[in-house]
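Residue numbers start at 1 and run along the sequence shown. Since the model is a prediction, treat every value here as computed from it, not as a measurement. These numbers come from the heavy atoms of this one structure, side chains and all, not from hydrogens, waters or symmetry mates.
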Amino acid sequence: MFNLDHVANIADLLAAFGVIASLLVVAYEVRRNTNEVKRTNFESIIDRFMTLWSRTDGDDLPDILQRGRENYNLLSERDKIVFGNYLQELCLTYEALIVLGKNQIHGEEIAELPKRHLRYHFSFPGVRQWWDEFSASRGLAPLMNQTINAAVIESVSSAD
């Protein structure tokens, strides 16, 4: 027959199953929310790129970028500021993509894309001139400084 101890044991067993079921539901929700946040962060980075690139539709910026890529030192002080701000924003956006990539399942694949793009951008002598000046005075986060310095080395060695 059932006595009070049996009922208590059954109740404890049901409570344990309830706790396990609750934990599984919470784990599922946390995982789903984490994936949603990662997707939202990625979309935010894409929006940053699109905003940055859309600025090249104007009259001044494409000309400044072209001349700056060839020789940063020949730009006027005003154009150096515009060129530098554009490159700094570009680098920060790539940094966000690299950091996001480190937190993704296929992170290395995502992280490699900005590294290839940085090698392209830093293959231009004017961009390297800007980086020499910028990194000596301000620079970026250590991760990005290392990534850009590697891009500079790789872009110069591949040009030789």
Next on the checklist: For the SG atom of Cys91 and the CD1 atom of Ile148, what is their distance to the nearest 0.5 Å?
Outcome noted: 3.5 Å
Checklist entry - Under 4.0 Å between a Lys/Arg side-chain N and an Asp/Glu carboxylate O for Arg55 and Glu89? => result yes
Checklist entry - Sub-3.5 Å donor-acceptor pair from the side chain of Arg128 to the main-chain atoms of Phe122, do we have one? => result yes
Checklist entry - Say you draw a straight line from CG of Leu90 to CG of Asn85; how long is it, rounded to the nearest 0.5 Å? => result 12.5 Å
Checklist entry - Under the salt bridge (Lys or Arg N to Asp or Glu O under 4.0 Å) criterion, do Arg67 and Glu70 qualify, and how do the steps go? => result CA-CA 5 Å; Arg67 289 184 293 112; Glu70 293 169 12; over 6 Å; no
Next on the checklist: Minimum heavy-atom separation for Phe124 and Arg69, please, with both atom names.
Outcome noted: CB-O, 3.5 Å
Next on the checklist: Assigning hydrophobic clusters by single linkage (Ile, Leu, Val, Met, Phe, Trp, Tyr; side-chain heavy-atom cutoff under 4.5 Å), is Val127 placed with Val156?
Outcome noted: yes
Next on the checklist: The criterion is ring pair (Phe, Tyr, Trp, His ring centres under 6.0 Å); which residues satisfy it with Phe49, sequence neighbours excluded?
Outcome noted: Trp53, Tyr94
Checklist outcome for this item: Separation between CD (Glu154) and CG (Leu118), nearest 0.5 Å, reads 10.0 Å
Checklist entry - At what distance, to the nearest 0.5 angstrom, does CD1 of Ile45 lie from OG1 of Thr93? => result 8.0 Å
Next on the checklist: Is there a path of hydrophobic side-chain contacts, each under 4.5 Å between heavy atoms, that joins Tyr120 and Met144?
Outcome noted: yes
Checklist entry - Of the non-hydrogen atoms in Asn71 and Asn73, which two are nearest, and what is the gap between them? => result OD1-N, 3.0 Å
Checklist entry - How long is the span from the CG atom in Leu113 to the CD1 atom in Ile98, to the nearest 0.5 Å? => result 9.5 Å
Next on the checklist: Determine whether His6 and Asn9 satisfy the following criterion, side-chain hydrogen bond (donor to acceptor under 3.5 Å, both in side chains), listing intermediate values before the conclusion.
Outcome noted: CA-CA 5 Å; His6 286 47; Asn9 287 339; 5.4 Å; no
Next on the checklist: So Leu65 and Thr56, do their side chains get closer than 4.5 Å, heavy atoms only?
Outcome noted: yes
Next on the checklist: Grouping I, L, V, M, F, W and Y whenever their side-chain heavy atoms are under 4.5 Å apart, do Leu143 and Leu97 come out in a common cluster?
Outcome noted: yes
Checklist entry - Got a salt bridge between Glu36 and Arg39, using NZ or NE/NH1/NH2 to carboxylate O under 4.0 Å? => result yes
Checklist entry - What about Leu87 and Met50, same hydrophobic cluster or not, with Ile/Leu/Val/Met/Phe/Trp/Tyr joined at side-chain heavy-atom distances under 4.5 Å? => result yes
Checklist entry - Donor-acceptor pair, Ser44 side chain versus Thr40 backbone, under 3.5 Å? => result no
Checklist outcome for this item: CD1 of Ile64 to CG of Asp79, rounded to nearest 0.5 Å, is 4.0 Å
